[in-house]
Amino acid sequence: MARIIVITSGKGGVGKTTSSAAIGIGLASKGHKVVLIDFDIGLRNLDLIMGCERRVVYDFVNVINGEATLNQALIKDKRISSLSILPASQTRDKDALTKENVGKVLEELGKTFEYIICDSPAGIEAGAMMALYYADEAIVTTNPEVSSVRDSDRILGMLSSRSRRAELGLEPIKEHLLLTRYSPKRVAEGEMLSVEDVVDILAIPLLGVIPESPAVLKASNAGEPVILDTESDAGKAYQDVIERLLGETVEFRFLQLEQKSILSRLFGG
Amino acid sequence: MADSSIEFKGTSFTLSVLHLKTLKLADIRTNLVKKVAQAPDFFYLFPVMVDIEEVDFSFDYQAIKILLEELKFTFIGFTGSVSKEQRSLIRELGYSFLNAAKVGVPSKKKNNDDVIETKYKETETIRENRLYGDKIHRGQVRSGQQIYAKEQNLVVIGSVSAGAEVIADGNIHIYGSLRGRALAGAKGHHQAQIYCQNLEAELVSINGNYWLSESMNKHWGSPVYIQLTGAELTSSKLI
């Protein structure tokens, strides 16, 4: 049975879809069979970030309604064959999703894939609840910013009370903190919450810190998930996240201000 | 499994005691009528005990009960430090006699009345606190969550996030940071206290008396306990 990971946050625009795409590519690159599901019905983005928006024929809602099979709807990634994407519907209502029919789709996917990554929409309404309901693990994406931290705390409360594991009294969802858009310079200046501040408030294990990076915007627009940009700091940070997800201990990079040597300052770079 | 449709529980109530200083019913009546007229709504069905320590054996117990009921009090029974004979007489007449709770060290010096008063007031307080068991919550209390320890003290092993609420009829102990709201003594327990390892609360309240964060500057960020001194909240450093 597959491992179901939900990428959630509460707050919008913090980097859930960016992270889902990066983690999907990362896990699949390690040889695992991974499927990415976009749960944001009506505001689908995952296909854009993955660069497969021109190949969407059938979507999640079509599969639920029996209008298409999973095989017809799943899009194989052109870069890594063990990665597939199940896009969301752009035109339908999210009321089409119910716990039962979502559960059935996940069960079917679990027969072929090792990891099912659910890209959650923002908020705490039905869409987000549906994405987290069946999760075994949760990656709570947070910006080092007060409203994002508050909303992440709220979603953590929901994970521990409204998920299937909570309802059935099973082992609780494994929670991870993914801190995105981190700027060590602004932390040093006292403008931004530090890693320690956020971890102190949310009290869940830190999975990774992704630095604020121009590479992310570049990646979105090109449809090439940032983890493939191996030169960029964000790309490298996501590589570290994959290692940690798979159980390796990796030191946290990009937390300190880079001290540029006099030579590099003189000659740039 | 023991099946019971009823259960007797020992519960403390604060009851008002009417101390009689004279045997003359007419005087008692005049004074009582005056008192009730000051706040008729407050005294309507007001439960009252009658202390007969200063009246003698020949007192008309039935008359005072009738008088009180006529003035719409709820007569509970008699009390006071009286002889065994007087107590038996009252029981024979069909009235309840209750001893005020005097748990703790009994002072043999009966002339030192103040000492006895204070001692039994203190122990009554401790008894009130011990009435509550503990509800233990393990883990963080997250934003949007609410924990209510009904007729219990609350112990939280974890922090209380901003936007979360913990409420108890008894005391609240937080082994972590308090960043949300904590309301102790929710049902009127004036002696309830709040303890936490890091005070960064949005609101603390004991029996309805509350502080917002702006009043917590003295011990903000420290381990504190908060209690009511009279009608004012006070915070003290824990360690």
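Lettering follows sequence order; numbering is per chain, from 1.
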When the side chains of residues 238-246 of chain A are checked against the rest of the protein, which donor-acceptor pairs come out under 3.5 Å, sequence neighbours left out?
from, atom 1, to, atom 2, distance (Å)
A/Y238, OH, A/S19, OG, 2.7
A/D240, OD1, A/R253, NH2, 3.0
A/D240, OD2, A/R253, NE, 3.0
A/E243, OE2, A/K30, NZ, 2.5
A/R244, NE, A/V250, O, 3.1
A/R244, NH1, A/L207, O, 2.6
A/R244, NH2, A/V250, O, 3.4
A/R244, NH2, A/E251, O, 3.3

Heavy atoms from other residues, nucleotides or ligands near CD of A/Q256 exceed 12 (cutoff 6.0 Å) = no
Are more than 12 heavy atoms from other residues, nucleotides or ligands located less than 6.0 Å from atom CZ of A/R181?
->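 Open: at most 12 neighbouring heavy atoms sit under 6.0 Å from CZ of A/R181.
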Could you please show the donor-acceptor pairs under 3.5 angstrom between chain A and chain B, with distances rounded to 0.1 Å?
from, atom 1, to, atom 2, distance (Å)
A/D153, OD1, B/R142, NH1, 2.9
A/D153, OD1, B/S161, OG, 3.0
A/D153, OD2, B/S143, N, 2.5
A/D153, OD2, B/S161, OG, 2.8
A/R154, NH1, B/S143, O, 3.4
A/D200, OD2, B/R179, NH2, 2.9
A/L202, O, B/R142, NH1, 2.8
A/L202, O, B/R142, NH2, 2.9

